[in-house]
Amino acid sequence: MSQPEQHRGRWRPRLDRPALVALLFGVAGVVYRLVLTLFTVPVSNSDEATFGLAALHIGQGRERPVFLYGQHYMGMVESYLAAPLVAVAGPSWPVLRLPMLALYALFLYLIHRLTRRICTPWFATFVVGLLVLGGERVVRDQLTVVGGRPEVKPAVLLMLLITVGLAAGTIRRRRLAVTAFGLLVGLALWSDWLILPYLAVAGLALVWAVRRELLGWSGLLLVAGVAVGVAPMIVDNLRAGPGDDSLSVFREISTKAGPLPPWSDRIRGGLLEGVPLAHGLCPVDGCGRWQQWFGVLYPVLLLAGAVFAALAYRRAARPREEQTGRAARPREEQTDRAAAGPRGARVGPVVQLALVVGAALTLLSYVRSPLAATSPLDNARYLSVLQLSLPAVLWPLWVVAVACWRGTVGALGRLAGALSTAVLAALTATALLITVLFAATGTAASRTEERQARELAAALRANGPHQVYGDYWTCNRLIFNTDETVVCGVLDGDLSPGQNRYLPYWRQVGRAERPGYVTEVDSPMDRRLRRLLADRGDAAPVREVGGYRVYHPDTPVRPWR
């Protein structure tokens with residue numbers, strides 16, 4: 001990645017050409033997302049606001065939440081990361097999202113390092129270039145504070161880099177590295193259970209790399225690291241009442257989706273919609289038929305990635321073949337391989353196979369859910385972790401394409417190389433097209449909705465009422481936008497109590513002598529409230545602000561009591 005350069009008595013790193021191009025790609029991707037962050041694109045919502053309010057409470061020392069308010073399975077790492085910034089600068093969406101931008105930059109750096117170690121420098125640059133691109137679905141998963149995915153992806157990459165370093169012998173403090181591996185596993189488990197397939201394969205890769213060391217102190221330190229990382233979740237579950245522990249809640253959510261659609265529908269939703277959306281090949285409102293090709297090809301690429309990894313492992317395990325090819329290799333590479341030993345030479349294929357299996361298990365877990373068929377657009381976010389496996393999935397295409405252009409294959413190889421080049425080019429062109437369309441035309445709706453939400457917050461903050469009822473997607477965003485000056489209780493469309501994640505807000509509005517109502521114009525709640533006020537003959541003051549109606553009846557309106 002870099003070479004030391006002596007200059008006036010000091011050693012400075014000098015990036016080689018692939019690393020320099022990757023750096024330029026990475027800077028472009030971070031700047032692009034920074035601009036979106038400053039304009040609050042993609043649009044905020046009440047789920048994200050809940051994390052923001054938790055960060056506000058943490059920064060003020062009022063709360064130390066383990067899980068998202070109202071849940072017992074989504075960790076709060078993102079809120080703790082944002083808490084110092086929110087405490088200093090106050091609640092705002094750009095401030096809340098800045099740690100996510102830093103995690104994205106870390107993700108790019110780590111996947112570049114890992115891909116260089118297990119593949120080649122220019123391929124690592126190509127992978128970074130693809131991951132720099134991003135339409136709304138991809139950018140939303142990377143920038144919005146909704147839990148789990150932005151932090152667990154760098155954690156997995158760092159675990160795999162630790163495994164590579166331990167197998168290659170480039171890590172000196174091996175016990176410390178194993179402890180860090182365990183700590184990352186624990187933190188990832190606390191943060192988001194969807195990463196479990198990748199944690200499993202990363203753990204198996206570590207066992208392969210240092211299995212003898214794990215029988216001693218290193219094994220104990222690994223377990224201790226996991227225990228420390230997952231300790232908040234363990235403590236909270238020990239204190240939880242019957243049915244409120246994480247396993248019970250997660251099981252209830254998993255079985256709530258209704259009857260199971262046919263496998264064909266779930267596989268179609270997972271492959272043809274979920275996979276292209278997760279890789280930024282479709283707009284957020286769905287994939288056209290011309291964009292679904294990557295989902296059809298994905299299982300084939302997984303299989304090819306597994307075959308390539310197995311063949312590479314077999315070649316690396318043959319000392320005679322290494323001896324035969326040693327004379328053709330550069331002296332530095334010979335020295336590195338000799339120092340690494342056979343395990344160091346084979347760790348690359350092992351990590352590639354781990355990434356392939358992690359993707360396959362994640363995809364299988366997704367298509368087992370009814371939501372893959374009934375709501376593929378809303379739930380494609382659960383496949384965003386597949387970006388971790390992009391190096392292993394695309395590596396066979398790259399190898400065949402490079403062999404073709406170097407002219408080292410026959411006619412059949414040239415045909416396969418041309419097809420591989422076409423696939424890589426189509427993938428890049430599609431992702432670039434979706435990115436450009438989103439940046440040019442797809443941000444207007446988000447900015448309009450965000451402006452209306454801020455107009456509502458400013459109006460209520462200035463003129464009241466300061467205790468209101470509203471729907472779920474209005475309340476917590478309104479509270480965050482007003483820095484808790486306005487407090488909101490959540491109601492469903494029929495004016496019954498809704499999903500109030502943080503109960504103190506509901507209680508505060510319940511004690512108000514004259515609470516108001518905030519409804520979207522002509523929503524079910526708006527129509528129901530107007531009928532109720534008409535029946536009562538209550539001439540409630542009404543004003544419209546940015547697509548919302550604000551009601552302030554003279555007497556409390558609480559039909560659920």
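Not measured: the values here are computed from a predicted model.
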Can you check whether [Y]'s main-chain N or O pairs, donor with acceptor, with [X]'s side chain at less than 3.5 Å?
X: Tyr32; Y: Gly134; value: yes
X: Ser365; Y: Leu361; value: no
X: Ser46; Y: Tyr472; value: yes
X: Arg97; Y: Pro94; value: no
X: Thr170; Y: Leu166; value: no
X: Thr125; Y: Pro18; value: yes
X: Glu78; Y: Gly147; value: yes
X: Arg266; Y: Pro261; value: yes
X: Ser420; Y: Ala416; value: yes
X: Arg33; Y: Gly29; value: yes

Just so I know, are the side chains of [X] and [Y] near enough to count as touching, which here means a heavy-atom distance under 4.5 Å?
X: Val164; Y: Val350; result: no
X: Ser218; Y: Val210; result: no
X: Arg117; Y: Val347; result: no
X: Thr443; Y: Phe39; result: no
X: Met233; Y: Tyr73; result: no
X: Met159; Y: Leu199; result: yes

Do [X] and [Y] have a side chain donor and acceptor closer than 3.5 Å?
X: Thr50; Y: Asp47; value: no
X: Glu450; Y: Ser44; value: yes
X: Ser389; Y: Tyr198; value: yes
X: Thr421; Y: Trp405; value: yes

Give the minimum heavy-atom separation between Ala209 and Arg343, together with the two atoms involved.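 Closest pair (atom of Ala209, atom of Arg343, distance): O-CD, 3.1 Å.
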
Write down the atom of Gly358, the atom of Val201, and the distance for their closest heavy-atom approach.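 Between these two residues, the closest heavy atoms are N-CG1, 3.9 Å.
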
Which of these, Leu297, Leu388, Val300, Leu301, sits in a side chain to side chain contact (heavy atoms under 4.5 Å, CB included) with Val393? Leu301

Side chain to side chain contact (heavy atoms under 4.5 Å, CB included) test vs Thr115 passes for just one of Val127, Leu157, Leu390, namely Val127

Hey, could you give me the [atom1]/[atom2] distance between [X] and [Y], rounded to the nearest 0.5 Å?
X: Phe25; Y: His112; atom1: CZ; atom2: NE2; value: 10.5 Å
X: Glu273; Y: Arg137; atom1: CD; atom2: CZ; value: 12.0 Å
X: Asp16; Y: Leu20; atom1: CG; atom2: CG; value: 8.5 Å

Is the distance from the ring center of Phe123 to that of Trp395 below 6.0 Å? yes

Can you classify the ring geometry of Tyr298 versus Phe294 as parallel (below 30°), tilted (30 to 60°) or perpendicular (above 60°)?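 Geometry flag for Phe294 against Tyr298: perpendicular rings.
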
Please determine whether a side-chain nitrogen of the Lys or Arg among Glu48 and Arg140 lies less than 4.0 Å from a carboxylate oxygen of the Asp or Glu. no

Pair Arg149 + Asp141: basic N to acidic O under 4.0 Å: yes

